[in-house]
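Structure record follows, encoded as structure tokens.
Index from 1, following the sequence. Both counts, for ligands and for their atoms, begin at 1 and track the order of listing.
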Amino acid sequence: METSIKRKKTRPVFLGKVQVGGNASVAVQSMTSTDTRDVKATVRQIRRLEEAGCEIVRVAVPDREAAAALTEIKKQITIPLVADIHFNYRLAIEAIESGVDGIRINPGNISKEKILKIVESARYRGTVIRIGINAGSLEKDLLKKYGGPNSTALVESALRSLAFLENAGCKSIKLSVKASDVITTVQANRELSGKTDYPLHLGVTEAGSIINAAVKSAIGMGILLCEGIGDTLRVSVTGDPVAEIGVAYAILRAIGMRKVGPDIISCPTCGRCEINLFKLTQEVENKLAGMKSYLKVALMGCVVNGPGEAAEADIGIAGGKGYGLLFKKGKVIKKVKEKDFVKTLLAEIDSMVADRKEI
Ligand code: SF4
């Protein structure tokens, strides 16, 4: 499936080699859950994220020790590093001087004179600044004016900070307006996208554990992405951040925006199913985890409907009693014994991927 979504044209910014905005693909990012001061654990987690397909990583910088760890972290990873700073402008400047590719600040909680110092340092080093507005930390005057953190208040906060940064001569800017409420997030991003052409970072905050996070993110970001809004995204999951990457790509694949990784489709099973499809699906998912090539793999419970129902899949197995049919694009290739399903499927996938150019 090729996407017919017309993306809004935004100004490109560059985090290291990764372009965000302009004509770039929507970049997938995440944030570490480790203590940034623990370089070893943080680097280990970033490498796992990278392995899963993370393209930009953010780390929290709550104190000077964490800021001091950034140089070493940056040295040991290859994807762009973003420092997340609240309140303390000195930490922002230390982060910029340590060579991070971007910083995320909420200008609402740093004074104007101090923001000017951050901008000066960021301009000198070419560091991208994300103005990250969250419903939970809006300026008091806006909360009073709008009676709460609604979408208009979020947008006004973002535009106010944007105007200040622009006046200070800052050009490499990304914006985000996030709320834990999906509809507020959607409305805020729509409004913001209509008022600026800076690249937008999408996210629904405090989305919860995996099921809630996946649903809220798919709805919130899915609506926006389908309207052409959004240049980079982060799915927030309470738990291992590696799961965020899987959800992010699943959203982008579902709307045809990124063709990365295996798209595993499996039937819900019914009374016709004669194999352990749940076990097969789990095994195949585990074995293909981390595969970068895009391939649609179908795992279907019966030979009666399986190959037909999954005709658009690149490859698939439809189970029968003790055996199954291996099919490609709906055409049956051969009969396979149930005990050989995974082995046969993986061998075929390996040879298909080896023959393909696109990653
Ligand atoms: S593919 Fe077969 S087993 Fe799976 S839901 Fe359809 S009819 Fe049932």
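Taking the ring axis of Y323 as reference, the NZ or CZ atom of K335 stays within 45° of it and closer than 6.0 Å to the ring centre.
Put simply, the side chain of R258 gets close to the backbone of V26: a donor and an acceptor are under 3.5 Å apart. Within the 3.5 Å criterion, the main-chain N or O of K279 finds a donor-acceptor partner in the side chain of N276.
A salt bridge is defined here as a Lys NZ or Arg NE, NH1 or NH2 lying under 4.0 Å from an Asp or Glu carboxylate O, and D197 with R11 meets this definition.
Shown here are the side-chain hydrogen bond (donor to acceptor under 3.5 Å, both in side chains) partners of N167, two or more places apart in sequence or in another chain: there are none.
Counted within 6.0 Å of CD on Q76, heavy atoms from surrounding residues, nucleotides or ligands total more than 12; the atom is thus considered enclosed.
Near atom 2 (Fe) of ligand 1, less than 2.8 Å away, sit the protein N, O or S atoms C302 SG.
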